[in-house]
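This report concerns only the one structure given below.
All of these numbers come straight from a predicted model, not from anything done at the bench.
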Protein chains: 2
Amino acid sequence: MTSNTAGGPSRRERMRAETIAEIKASARGQLLQHGPSGISLRAIAREVGVTPAALYRYFDSLDALLIQLVCDLYDELIAATRAAMDEAPPEAHLDRMKAWVWAFRAWSVGNRREFELMISYPEGNSAMSICADPKTIDSLEFDAVTLKSMEHAQLCGRELAQFYRQTEGEGFEFGSVTLPEMSDGLQQELIESCSLMIIGERLPVSWVFAFTSAWVRVFGLVTMEAFGSLPVQNNIDEFYKAQIKSMLRDFGMEQ
Amino acid sequence: MTSNTAGGPSRRERMRAETIAEIKASARGQLLQHGPSGISLRAIAREVGVTPAALYRYFDSLDALLIQLVCDLYDELIAATRAAMDEAPPEAHLDRMKAWVWAFRAWSVGNRREFELMISYPEGNSAMSICADPKTIDSLEFDAVTLKSMEHAQLCGRELAQFYRQTEGEGFEFGSVTLPEMSDGLQQELIESCSLMIIGERLPVSWVFAFTSAWVRVFGLVTMEAFGSLPVQNNIDEFYKAQIKSMLRDFGMEQ
DNA sequence: ATTAGTTTGCTAACGGTGTTCACTCTAATA
DNA sequence: TATTAGAGTGAACACCGTTAGCAAACTAAT
């Protein structure tokens with residue numbers, strides 16, 4: 001394939017990658033200007049300076065291009081989130097989880113149109129999904145977008161597992177305080193579908209429930225804020241702080 | 001205008017209303033079959049048996065048609081919710097609020113595509129909004145869709161206000177238990193933008209915070225379930241029940 | 001250096017979309 | 001009955017995503 005002695009990408013491959021980047025950049029520009037449904041293949045071709053048909057040498061369809069774009073955006077979100085988490089020490093798991101929330105929020109609100117595209121693609125999607133069997137996670141059972149969204153959720157999930165392991169020896173008393181009574185079936189599914197699947201480690205039901213509840217709340221918060229339908233407009237930071245406090249209380253923590 | 005002695009709608013008006021209903025029905029059919037973006041003006045015209053241009057006698061544009069459709073869907077959701085609430089006695093405010101949640105969920109999940117259209121329209125929307133100044137609520141500051149979504153939220157909001165009035169005399173002790181510490185600014189805005197604006201009555205901060213928190217949670221739950229990204233798949237009813245219990249605890253209630 | 005093969009881009013076309021305009025016909029009004 | 005407002009048509013415009021066939025350019029191997 002490549003005739004390089006250095007083994008690096010060939011000239012053609014470099015050119016191709018550059019063109020692909022250019023196409024994606026143009027698509028993102030149109031996303032910013034006209035929203036998700038305003039992304040036009042022909043307009044991209046016009047901007048890149050090429051015939052519409054030529055784009056099919058790089059993407060199978062407009063849909064495929066958008067999916068690729070969404071994956072890139074997830075990578076961007078994940079990178080931003082990870083960077084924010086890494087500003088806290090590796091063992092400060094609580095701070096890192098907080099940082100995850102703030103970074104998730106900041107990126108989504110700061111990139112509303114991108115976020116809009118992400119949660120609305122594909123049509124019959126399972127965006128921002130959280131649950132996945134690790135055995136099937138690498139199979140082709142999930143589309144690329146779902147995989148990315150799970151990768152994003154796992155950033156926080158794994159941190160929770162480590163936090164649990166950290167506090168396990170300290171005789172923390174969780175669970176009895178906060179867990180509402182629920183059927184065994186739900187407890188089973190909660191543990192299996194989240195503790196086992198996402199975090200890769202068994203956690204107490206109270207933790208898993210608190211985690212899934214918090215996930216729903218954060219998802220609601222970020223989505224509503226990005227779409228401008230949050231019940232608060234001026235003191236949003238404070239509102240988030242209060243929400244985080246409320247969620248921590250569900251974990252049995254006061255701070 | 002109308003030449004009827006009975007004062008009812010004229011023959012033309014009846015015909016027009018019938019055609020409009022037919023158009024909307026066709027649009028909804030396509031929504032069900034092909035999703036929000038699969039609604040085509042030309043396809044509607046084809047189905048109704050008329051030229052595409054003829055539809056412009058009834059709607060200014062496809063966008064206007066869709067907005068009208070969304071408003072109708074909100075009316076349907078509101079009617080279903082109200083009916084479910086009215087199955088409980090008028091003074092059983094807690095049961096009525098629970099019924100609101102269940103009906104909201106049932107309708108949204110039972111009409112996924114419709115729900116999808118509702119929360120994704122218009123593009124830069126404020127769907128499922130909750131806050132509005134009652135002085136400006138009737139002015140043209142809000143689009144029709146936002147007004148409908150507020151009407152839907154008010155169904156629950158008013159019930160909360162009546163519930164508060166009901167329990168006020170009974171010496172219930174709320175607030176101190178659950179309200180996380182927050183700035184005065186946020187407290188101000190919470191009270192003003194929700195208690196005053198939606199419910200039309202001053203409530204304690206703890207109630208308002210618990211209400212907005214619950215609203216975010218319910219919105220997150222319903223949206224995620226409708227989009228298939230809920231962390232639970234098999235015991236969803238139980239999960240909702242546990243969530244409701246958790247929310248009630250935020251109000252300081254155990255049951 | 002020439003050949004063979006791959007990659008890239010083009011032109012042209014097909015069928016689809018929302019929207020507008022000028023025109024006809026019909027039904028309700030004065 | 002004459003007038004007028006409403007509903008519907010047909011043709012056109014400017015887009016859209018996608019496909020097929022063909023020509024040029026580049027790479028790789030003989």
Side-chain angles (χ1 to χ4, degrees), chain A residues 1-24 26-27 29-31 33-69 117 121-123, chain B residues 1-24 26-27 29-31 33-69 117 121-123:
Chain A
M1 293 293 178
T2 89
S3 70
N4 285 27
T5 54
S10 72
R11 181 192 132 91
R12 258 205 186 145
E13 285 169 327
R14 272 185 292 114
M15 286 300 195
R16 185 176 177 82
E18 204 168 312
T19 308
I20 287 179
E22 210 173 331
I23 293 171
K24 286 178 181 172
S26 172
Q30 294 189 28
L31 171 62
Q33 284 192 6
H34 312 106
S37 64
I39 305 179
S40 153
L41 188 142
R42 291 185 113 101
I44 295 172
R46 232 174 285 133
E47 202 165 296
V48 177
V50 100
T51 287
L55 295 185
Y56 284 82
R57 300 284 173 197
Y58 299 91
F59 298 96
D60 290 341
S61 65
L62 176 61
D63 248 52
L65 166 60
L66 293 183
I67 287 175
Q68 258 302 319
L69 182 57
L117 179 69
Y121 225 86
E123 287 276 325
Chain B
M1 291 293 178
T2 88
S3 69
N4 285 26
T5 55
S10 73
R11 182 191 130 90
R12 262 215 186 136
E13 285 169 327
R14 271 185 293 117
M15 287 299 195
R16 184 177 175 82
E18 205 169 311
T19 308
I20 287 180
E22 211 173 331
I23 293 171
K24 286 178 182 173
S26 171
Q30 296 190 26
L31 172 62
Q33 284 192 6
H34 313 106
S37 63
I39 304 178
S40 153
L41 187 141
R42 291 185 112 101
I44 294 172
R46 235 175 281 131
E47 201 166 295
V48 177
V50 100
T51 288
L55 294 184
Y56 285 81
R57 299 282 170 196
Y58 300 91
F59 298 95
D60 290 342
S61 67
L62 176 61
D63 248 51
L65 197 173
L66 293 182
I67 286 174
Q68 258 302 317
L69 182 59
L117 179 69
Y121 224 86
E123 288 276 326

>> Rounding to an integer number of Å, can you tell me how far A:I44 CD1 sits from D:dC16 P?
In response: 10 Å
> Do the non-hydrogen side-chain atoms of B:L41 and B:Y56 ever get within less than 4.5 Å of each other?
Replying inline: yes
> How many Å lie between CE on A:M15 and P on D:dA25, as a whole number?
Replying inline: 14 Å
> With respect to A:L55, which candidate in A:T19, A:I44, A:L62 satisfies the side-chain contact (heavy atoms from CB on, under 4.5 Å) definition?
Replying inline: A:I44
> Under a 4.5 Å cut-off applied to non-hydrogen side-chain atoms, are A:F59 and A:I20 in contact?
Replying inline: yes
>> Suppose we screen for side-chain hydrogen bond (donor to acceptor under 3.5 Å, both in side chains). Which residues come up paired with B:E22, at least two apart in sequence or across chains?
In response: none
> When you check every protein heavy atom under 4.0 Å of nucleotides 6-19 of chain C, what one-letter string (B, S, -) results, 5' to 3'?
Replying inline: BSBBSB-B---BBB
> With side chains defined as the heavy atoms from C-beta onward, is the minimum distance between B:E18 and B:R14 less than 4.5 Å?
Replying inline: no
>> How many whole angstroms separate atom CG of B:L55 from atom P of D:dG6?
In response: 18 Å
